[in-house]
Structure formats: structure tokens, C-alpha cells
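Worksheet for the structure shown next.
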Amino acid sequence: SAVISQKPSRDICQRGTSLTIQCQVDSQVTMMFWYRQQPGQSLTLIATANQGSEATYESGFVIDKFPISRPNLTFSTLTVSNMSPEDSSIYLCSAKKGVYSGPTNEQFFGPGTRLTVL
Amino acid sequence: KQEVTQIPAALSVPEGENLVLNCSFTDSAIYNLQWFRQDPGKGLTSLLLIQSSQREQTSGRLNASLDKSSGRSTLYIAASQPGDSATYLCLTGGGNKLTFGTGTQLKVEL
């Protein structure tokens with residue numbers, strides 16, 4: 001398994017500012033992902049964080065709004081830029097350990113960062 | 001595009017009852033299906049993972065089944081306890097294109 005921690009656990013931010021969320025995994029993982037969970041909703045994949053290259057974004061999410069870094073196999077950051085109240089959500093980091101996205105490759109999640117934008 | 005639906009959206013049962021949560025998916029080309037629980041204000045805890053070649057997995061009071069041909073998975077919880085109260089989510093898909101279900105909010109009352 002993999003234990004994932006996130007910082008901060010929660011924050012209240014002003015409109016127009018940016019927040020960087022950190023994700024640390026206790027062991028090397030092949031894949032890291034960022035999800036968003038809006039109030040009362042299920043989770044939506046924002047992007048796949050690729051080590052040493054630009055993240056792969058899902059439809060509806062762009063790099064200018066959600067820049068992502070992944071400098072090594074255990075760490076990633078997600079920045080929420082130029083925030084508005086609509087960005088108020090829980091942001092979760094996730095990881096997979098396997099080399100391939102095969103049937104046995106379990107996905108693990110961090111505790112989430114609860115963001116409120118005023 | 002994979003669509004994953006969970007029924008019911010919310011469920012309230014008395015302690016001790018056996019219950020079934022359902023997860024339906026539209027694209028059967030999946031690698032596996034994973035069940036999670038999410039406690040209020042917390043992250044996700046992985047409960048069970050069923051590979052696409054498997055029919056079921058068991059862990060303690062939990063049993064998850066998978067029927068790819070009909071696009072369904074069920075999570076069976078035996079002898080439910082108040083500590084089982086949480087939101088249950090299924091996650092499935094192929095490769096890294098995984099989709100979460102809509103979730104079932106479970107409340108087990110004393």
C-alpha cells in the first residue's frame with residue numbers, strides 16, 4: 001500500500017489569490033493524480049501528474065488554472081490559481097504503485113485539502 | 001464516455017441489517033473496480049478491489065461482486081454497525097481513465 005499526506009489539510013482564501021497544495025507519498029509510485037470533489041458531488045479527475053514533464057489534464061481543466069508539478073516519484077503539487085468561490089472544494093491527491101495500469105493496480109488517496117474561497 | 005451510477009443515493013438502516021449497495025457502469029471494458037468509503041471531512045479508504053477477471057472479493061463483513069457483462073458491481077455489508085456510516089464510492093475504468101460513481105450515503109442507526 002501507499003500512505004499519502006497532503007498539506008494544508010484545509011484553508012480559507014480570498015478571491016483572486018492562489019494556493020499550492022502539497023502531496024507526499026511514503027514510497028515511490030508510478031502514477032500520481034489530482035481530483036476535485038465539489039460540495040455534495042463525487043470526485044472528478046483534474047489531471048495526471050507526470051514526473052519530469054507537463055501534467056495531462058482532463059477536459060474542462062487547464063494548466064493556467066491548475067498548474068501541477070511532479071519533481072520526483074514521491075511528491076507533487078497542485079496550485080489553484082486566481083481563485084473564485086466556485087473553486088471551493090476538496091482537492092485530493094491519489095497514487096498508484098504498479099508499473100502498468102493493470103487489473104491489480106490499486107489506487108490510494110490522500111486525506112484531501114478542504115478549500116474555501118471567500 | 002464511462003458513466004458510473006450508484007443506487008441508492010442514500011440509505012438509512014437499523015444496526016444489524018445486511019445491506020447491498022449497487023454500482024452500475026456503461027462501458028464494460030474495465031481493468032478493475034474498486035470500492036471506497038469516505039467519512040465526513042476525510043479522504044478515501046480503499047475497501048476492496050476486484051480485478052476484471054474476478055467475480056468477487058471478500059474482506060471481513062464486506063463482499064463485493066462484479067458482473068462485467070451486465071455492467072454491475074454490488075457491495076454487500078453483513079451485520080451493519082453504526083461505524084459503517086459513511087459515503088461509499090465505486091471507481092472503475094480502463095487504464096488511467098477511471099470514473100467515480102455518484103456515491104451512496106449510508107447511515108446505520110442504533
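Each chain gets a letter, A, B and so on, in the order its sequence line appears, and its residues count up from 1. What you are looking at is a predicted structure, and each value in this text was computed from that prediction instead of being measured. Hydrogens, waters and symmetry mates play no part in the numbers below; they use all other heavy atoms, side chains included.
- The closest side-chain heavy-atom distance from A:Leu43 to B:Leu44 is below 4.5 Å.
- Both A:Val117 and A:Trp34 are assigned to one and the same hydrophobic cluster, defined by single-linkage of ILVMFWY side chains at heavy-atom distances under 4.5 Å.
- With A:Ser42 contributing its side chain and B:Gly101 its backbone, the two residues share a donor-acceptor pair below 3.5 Å.
- Residue B:Ile30 does not touch chain A at all, counting heavy-atom pairs closer than 4.5 Å.
- For B:Leu89, the part lying near chain A is the side chain, with the backbone staying farther off; criterion is any non-hydrogen pair under 4.5 Å.
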query: Which is it for B:Phe100 and A:Phe33 under the ring-ring contact (aromatic ring centres under 6.0 Å, His included) test, yes or no, and what are the steps along the way?
result: CA-CA 14 Å; B:Phe100 271 96; A:Phe33 310 90; over 10 Å; no
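- Cluster annotation: A:Ile12 is not connected to A:Leu115 through the hydrophobic network of ILVMFWY side chains, with a link wherever side-chain heavy atoms come within less than 4.5 Å.
- If you measure heavy-atom distances from A:Leu92 to chain B, the contacts under 4.5 Å come from the side chain alone.
- Linking ILVMFWY residues whenever their side-chain heavy atoms come closer than 4.5 Å, directly or via other members, places B:Trp35 and B:Leu62 in the same cluster.
- Open room surrounds CZ on A:Arg10; 12 or fewer heavy atoms of other groups in view lie less than 6.0 Å from it.
- Proximity of B:Leu98 to A:Lys96: side-chain heavy atoms (C-beta onward) are separated by under 4.5 Å at one or more points.
- Counting non-hydrogen atoms of neighbouring residues, nucleotides and ligands closer than 6.0 angstrom, the CZ atom of B:Arg72 reaches no more than 12 such neighbours.
- Neither the backbone nor the side chain of B:Gln54 comes within less than 4.5 Å of any heavy atom of chain A.
- With B:Gln34 contributing its side chain and A:Gln107 its backbone, the two residues share a donor-acceptor pair below 3.5 Å.
- Clustering ILVMFWY residues whenever any of their side-chain heavy atoms sit less than 4.5 angstrom apart, transitively, puts A:Phe108 in a cluster other than the one holding B:Leu47.
- Note on A:Val80 and A:Tyr57: same hydrophobic cluster, where clusters join Ile, Leu, Val, Met, Phe, Trp and Tyr whose side-chain heavy atoms are under 4.5 Å apart, directly or indirectly.
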